[in-house]
**Q** 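The structure that follows is given in the form of structure tokens.
Note that the structure is a prediction, hence the values are computed from the model and not measured. Naming: A, B, ... by sequence-line order, numbering from 1 per chain.
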There are 2 protein chains.
Amino acid sequence: MALRFALLGLLNDRPSSGYDLSRRFAAGIGTYAWDAKHSQIYPELRKLLTDGLIEISDEGARGRKTYAITDPGRDALREWLLAGPSSTGGVRNEYVLRLFLLSALEPADAIKILKQTRAFAAEQVDDLTREYQSLRTESGGSPTGSGLAAQYGVHAYRATIEWADWAIKELRKSEH
Amino acid sequence: MALRFALLGLLNDRPSSGYDLSRRFAAGIGTYAWDAKHSQIYPELRKLLTDGLIEISDEGARGRKTYAITDPGRDALREWLLAGPSSTGGVRNEYVLRLFLLSALEPADAIKILKQTRAFAAEQVDDLTREYQSLRTESGGSPTGSGLAAQYGVHAYRATIEWADWAIKELRKSEH
DNA sequence: GTACCCATGTAATTGGTTACATGATTAT
DNA sequence: ATAATCATGTAACCAATTACATGGGTAC
């Protein structure tokens with residue numbers, strides 16, 4: 001079910017083709033909220049189309065079809081969001097899992113990985129901050145969907161940096 | 001693949017039965033790193049057993065089998081951790097997805113959900129902080145695997161709180 | 001003209017959830 | 001005795017990944 005609403009949500013921001021959507025997953029949403037590959041996206045778009053939740057708003061070169069959300073689609077999305085998370089929302093995140101299991105390593109090895117994690121997170125904070133700034137100037141200072149999401153990412157990655165710094169210190173203490 | 005190493009990691013902390021493991025998933029690791037149900041755990045344990053990565057260390061009442069990680073199991077776990085994340089580490093987190101899609105709602109509704117999110121995160125921070133303290137006193141002040149994980153959770157949920165507060169403020173601005 | 005990206009689709013396989021099924025132990 | 005929890009397992013179904021497959025457009 002979640003995939004269907006992820007697609008509706010992305011299309012609610014702006015109309016996109018299947019190809020666009022698969023790049024939007026790969027670039028942002030897929031790295032910390034929900035991922036999907038094109039082989040899953042195209043069939044789901046067709047289902048959404050037959051259900052009337054989206055429509056083809058434009059057709060371009062190379063068989064490109066641009067989809068836009070419809071009013072029933074917007075209703076379905078709102079309803080899902082307001083209904084609250086299904087109790088059965090199991091999380092899957094290999095990156096976080098790896099951090100969970102770090103203590104299986106010698107402190108020196110664990111520290112090496114924590115430093116890599118920290119560096120990656122710092123990069124993400126920079127990228128997202130820049131993205132947020134440009135979204136902000138584009139929209140004239142009003143908060144957009146992607147703006148909230150970008151800020152979420154900034155906060156989440158900053159937390160990772162702080163935790164990694166703390167964890168490195170802790171592991172160094174136990175190294176001797 | 002990840003499930004197999006999640007199991008090895010949990011067993012590396014301490015020996016457990018399939019039942020214990022499914023509760024450990026439900027209680028902690030499953031809520032922010034990797035989830036698994038018993039119907040997936042039992043078959044995977046059997047595979048790990050035939051591969052020699054775990055062994056039965058004890059048998060109790062009601063057919064209870066306690067599994068422990070073996071030396072080859074520890075080696076496999078370390079190797080996987082050191083090899084670094086597979087490029088194909090797609091994330092799935094319905095809670096975060098919902099936060100991503102909030103802008104599809106009227107500001108007032110979005111704020112309602114953000115407040116719920118904030119309250120839940122604050123609860124988690126309290127729970128995890130308490131858990132961390134008790135782990136700390138138990139282990140005499142040395143950092144354990146679950147200790148690092150608990151602190152990760154504390155940082156991650158604190159970040160959610162800060163972001164939610166910021167997002168509420170932003171949305172209030174655009175409400176009028 | 002050829003390499004690269006755009007663009008969409010399907011098939012086979014693997015991973016994961018829900019539902020079905022059974023029975024022992026413990027607490028009340 | 002009976003309800004709750006412990007404990008393990010399998011089967012059917014659904015979700016997701018990987019691999020296969022095709023072709024148009026653009027830049028060099």
**Q** Of the options Lys115(A), Arg118(A), Arg172(A), which is the one that meets Asp165(A) in a salt bridge (charged side-chain N to carboxylate O under 4.0 Å, His left out)?
**A**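 So, applying the salt bridge (charged side-chain N to carboxylate O under 4.0 Å, His left out) to Asp165(A) and each of Lys115(A), Arg118(A), Arg172(A), only Arg118(A) qualifies.
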
**Q** Taking the side chain of Tyr67(B) as heavy atoms from C-beta outward, which of dT10(C), dG9(D), dA7(C) is closest to it?
**A**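 Closest of the options to the side chain of Tyr67(B): dG9(D).
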
**Q** Can Glu94(A) and Arg98(A) be counted as an ion pair, charged N to O under 4.0 angstrom?
**A** yes

**Q** Send over the distance from Glu94(B) CD to dA16(D) P, rounded to a whole Å.
**A** 11 Å

**Q** From CD1 of Ile56(B) over to C1' of dT8(D), roughly how many Å is that when rounded to an integer?
**A** 12 Å

**Q** Would you kindly compare His38(B) and Met1(A) by the position of their nearest DNA chain D nucleotide and give the one closer to the 5′ end?
**A**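 Nearer the 5' end of the strand: His38(B).
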
**Q** Between the main-chain N or O of Ala2(A) and the side-chain N or O of Trp80(A), is there a donor-acceptor pair closer than 3.5 Å?
**A**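 Between the backbone of Ala2(A) and the side chain of Trp80(A) there is no qualifying donor-acceptor contact (under 3.5 Å).
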
**Q** Quick check on dT8(C): is either OP1 or OP2 less than 4.0 Å from any side-chain nitrogen or oxygen of Tyr42(A)?
**A**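 Answer yes for this pair, as a side-chain N or O of Tyr42(A) is under 4.0 Å from OP1 or OP2.
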
**Q** Do the side-chain N or O atoms of Lys37(A) get closer than 4.0 angstrom to the phosphate oxygens (OP1, OP2) of dT8(C)?
**A**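 The answer is no; no side-chain N or O of Lys37(A) sits under 4.0 Å from OP1 or OP2.
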
**Q** Between Gln40(B) and dG15(C), does any side-chain N or O lie under 4.0 Å from OP1 or OP2?
**A** no

**Q** Heavy-atom nearest nucleotide on DNA chain C for Arg92(A) versus Arg62(A): which residue maps closer to 5'?
**A** Arg62(A)

**Q** Counting only side-chain nitrogens and oxygens, does Lys65(B) get under 4.0 Å of the OP1 or OP2 atom of dC6(D)?
**A** no

**Q** Rounded to whole Å, how long is the line connecting atom CG of Leu49(A) with atom C1' of dT8(C)?
**A**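 The distance from CG of Leu49(A) to C1' of dT8(C) comes to 14 Å, rounded to the nearest Å.
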
**Q** With Asp20(B) as reference, evaluate Arg64(B), Arg14(B), Lys65(B) under the salt bridge (charged side-chain N to carboxylate O under 4.0 Å, His left out) test and give the passing residue.
**A**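 Result for salt bridge (charged side-chain N to carboxylate O under 4.0 Å, His left out) with Asp20(B): Arg64(B).
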
**Q** Roughly, in whole Å, what's the span from CG in Asp58(B) to C1' in dA7(D)?
**A**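 After rounding, the reported distance stands at 14 Å.
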
**Q** So does Arg23(B) get a side-chain nitrogen or oxygen closer than 4.0 Å to the phosphate oxygens (OP1/OP2) of dC6(D)?
**A**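 The answer is yes; a side-chain N or O of Arg23(B) sits under 4.0 Å from OP1 or OP2.
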
**Q** Hey, does Arg4(A) reach any base, or is it just sugar-phosphate, or nothing, if we go heavy atoms under 4.0 Å?
**A**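 Since no nucleic acid heavy atom lies under 4.0 Å of Arg4(A), the category is nothing.
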
**Q** How many Å lie between CZ on Phe25(A) and C1' on dA7(C), as a whole number?
**A** 17 Å

**Q** Tell me the interatomic distance from Leu3(B), atom CG, to dA16(D), atom C1', rounded to whole angstroms.
**A** 15 Å

**Q** Take the protein atom CD1 of Ile41(A) and the nucleotide atom C1' of dT10(C), then report the distance between them rounded to whole Å.
**A**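 From Ile41(A) CD1 to dT10(C) C1': 15 Å.
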
**Q** Looking at every strand, decide which applies to Ser39(B) at a 4.0 Å heavy-atom threshold: base, sugar-phosphate, or nothing.
**A**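 Since a base atom lies under 4.0 Å of Ser39(B), the category is base.
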
**Q** Hey, is the side chain of Tyr19(B) poking within less than 4.0 Å of OP1 or OP2 on dC6(D), counting only N and O atoms?
**A** yes

**Q** Could you state the CG-C1' distance from Leu21(A) to dA7(C), rounded to the nearest angstrom?
**A**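 That distance rounds to 12 Å.
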
**Q** Under 4.0 Å between a side-chain N or O of Arg64(B) and OP1 or OP2 of dG23(C)?
**A**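 Checking Arg64(B) against dG23(C): no side-chain N or O falls below 4.0 Å of OP1 or OP2.
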
**Q** Does a salt bridge link Asp51(B) with Arg4(B), judged by any charged N lying under 4.0 Å from a carboxylate O?
**A** yes

